[in-house]
Amino acid sequence: MFNSISNNFGAGTIQFKDYQEEDYVVLNAKFTYDTTSPEYQAADVLEIKVPDLMIDRSTDTGVFARFVDRQVRPTYTMNYDSGTVIRSWIKDKNTICLEKFAPLECAEEVIVYIQAMYVGKHKDSTASKITKTYATFTQPTKYLYTSDVICVIHEHWVFFHCTFSSVSYAYRDLPWEATIQGLPTDFALDIPFPGGYCQGHDTMDGLSEAHIENGVFTNEERVSGWGSTGHDAFLFFFAVRDTE
């Protein structure tokens, strides 16, 4: 774990969980920035200065960025929380870069989730294969149904992906909770939860937040159009395990 040294977009100190090898780095961080700040507006690329990393540059990887937008109507509130994936890369051993994505500037506060593996660029190494582990969502009363579940467990990190194929109608608007059997329990993470067409921001996707802790997935609220065809909800993250 380490803290950032500085950044050029006014975000303050950013704390990272990390696992590093000579060929790649896995990083976890969650932070916000203000799109109206002078520092952000002056930046062409968002740069975070950090202590020495084990790789000096990386290929591009995607990180999620979202904002909260609740629009109040006379008898109800629309959840228009939205976001997208932005490009990120390690420029040198002391600099993590993020794409400055103009459509996000419709919101004042943007939340960034770095839950990614940065692979060293132009490195000559032998790839190693890790076996996929079976994982499944379990509940006392089954109402969440998933597909395309991929769980890869390393001694120091986890990669996880799944799509949500359906949910029982009675639970569509209720909080969700499920134990993910087969997933390690030694990490806790707020995770972006994409899915749902958002009429308020049609250049992006609906993007809520979920949480995983002790192997339990929870999600309190989703965007108003999360069940729209072509905007299927899914999870995709790398998590650094608490193994040291």
Q: For His161 and Cys151, indicate whether the former's side chain and the latter's backbone hold a donor-acceptor pair under 3.5 Å.
A: no
Q: Working to the nearest 0.5 Å, report the span between CD of Glu221 and CG of Leu174.
A: 11.5 Å
**Q.** Donor on one side chain, acceptor on other, Gln181 and Tyr134, under 3.5 Å
**A.** no
(Q) Using 30° and 60° as the class boundaries, would you call the ring planes of Tyr143 and Tyr171 parallel, tilted or perpendicular? (A) parallel
Q.
Less than 3.5 Å apart, any donor N or O on the side chain of Ser88 or Tyr118 sitting next to an acceptor on the other?
A. yes
Q. Side chains of Ser165 and Ser147: is there a donor and an acceptor less than 3.5 Å apart?
A. no
**Q.** Distance-only donor-acceptor check, side chains Tyr19 and Arg241, under 3.5 Å
**A.** no
Q: If the plane angle is over 60° it's perpendicular, under 30° parallel, otherwise tilted; pick one for Phe238 and Phe236.
A: perpendicular
**Q.** Stacked cation flag Lys100 on Tyr40, 6.0 angstrom / 45 deg
**A.** yes
Q. Hey, what do you get for OG (Ser4) to CD1 (Ile48), rounding to the nearest 0.5 Å?
A. 6.5 Å
(Q) Quick check against the 3.5 Å criterion: does Arg57 have a side-chain atom that pairs as donor or acceptor with the backbone of Lys91? (A) no
Q.
If we check side-chain contact (heavy atoms from CB on, under 4.5 Å) with Ile191, which of these qualifies: Gln115, Lys30, His211?
A. Gln115
Q: Classify the ring geometry between His201 and Phe67 as parallel (under 30°), tilted (30 to 60°) or perpendicular (over 60°).
A: perpendicular
Q.
What I want to find out is whether Glu209 reaches Arg222 closely enough, with some N-O distance under 4.0 Å, to be called a salt bridge.
A. no
Q | Distance-only side-chain donor-acceptor flag, Tyr24 / Glu22, under 3.5 Å | A | no
Q: Please state whether the rings of Phe16 and Phe2 are parallel, tilted or perpendicular, taking 30° and 60° as the class boundaries.
A: parallel
Q) Does Asp52 CG have over 12 foreign heavy atoms under 6.0 Å away? A) yes
Q: Could you tell me whether a side-chain N or O of Thr35 sits under 3.5 Å from a main-chain N or O of Ala107, the two making a donor and an acceptor?
A: yes
Q: Kindly say whether Asp81 contributes a backbone atom to a donor-acceptor pair with the side chain of Asn79 at under 3.5 angstrom?
A: yes
Q.
Any carboxylate oxygen within less than 4.0 angstrom of a Lys/Arg side-chain nitrogen, looking at Asp242 and Lys17?
A. yes
Q.
Using every non-hydrogen atom in the two residues, find where Leu189 and Ala239 come nearest and quote the distance to one decimal.
A. CD2-CB, 3.9 Å
Q) Is the backbone of Thr32 close enough, under 3.5 Å, to the side chain of Glu109 for a donor and an acceptor to pair up by distance? A) no
Q: Consider only side-chain heavy atoms of I, L, V, M, F, W and Y, link residues closer than 4.5 Å, and tell whether Ile153 and Ile212 are in one cluster.
A: no
Q) Do you know which of Thr95, Asn8, Asn7, Asp92 makes side-chain hydrogen bond (donor to acceptor under 3.5 Å, both in side chains) with Lys49? A) Thr95
(Q) Whether the side chain of Glu99 engages the backbone of Arg87 through a donor-acceptor N/O pair (distance < 3.5 Å, no angle test) should be reported. (A) yes
Q. Do Asp69 and Gln71 get their side chains close enough for a donor-acceptor pair, meaning under 3.5 Å?
A. yes
Q: Using the rule that two of Ile, Leu, Val, Met, Phe, Trp, Tyr join whenever any of their side-chain heavy atoms come within less than 4.5 Å, decide whether Tyr76 and Tyr80 are in one cluster.
A: yes
Q. Just one of Phe237, Phe160, Phe164, Trp176 clears the ring pair (Phe, Tyr, Trp, His ring centres under 6.0 Å) bar with Phe217, so which one?
A. Phe164
Q | Glu21 to Met54 - nearest heavy-atom pair and separation | A | O-CB, 3.5 Å
Q. Hey, any chance Val63 and Phe31 share a hydrophobic cluster, counting ILVMFWY side chains that come within less than 4.5 Å of each other, even indirectly?
A. yes
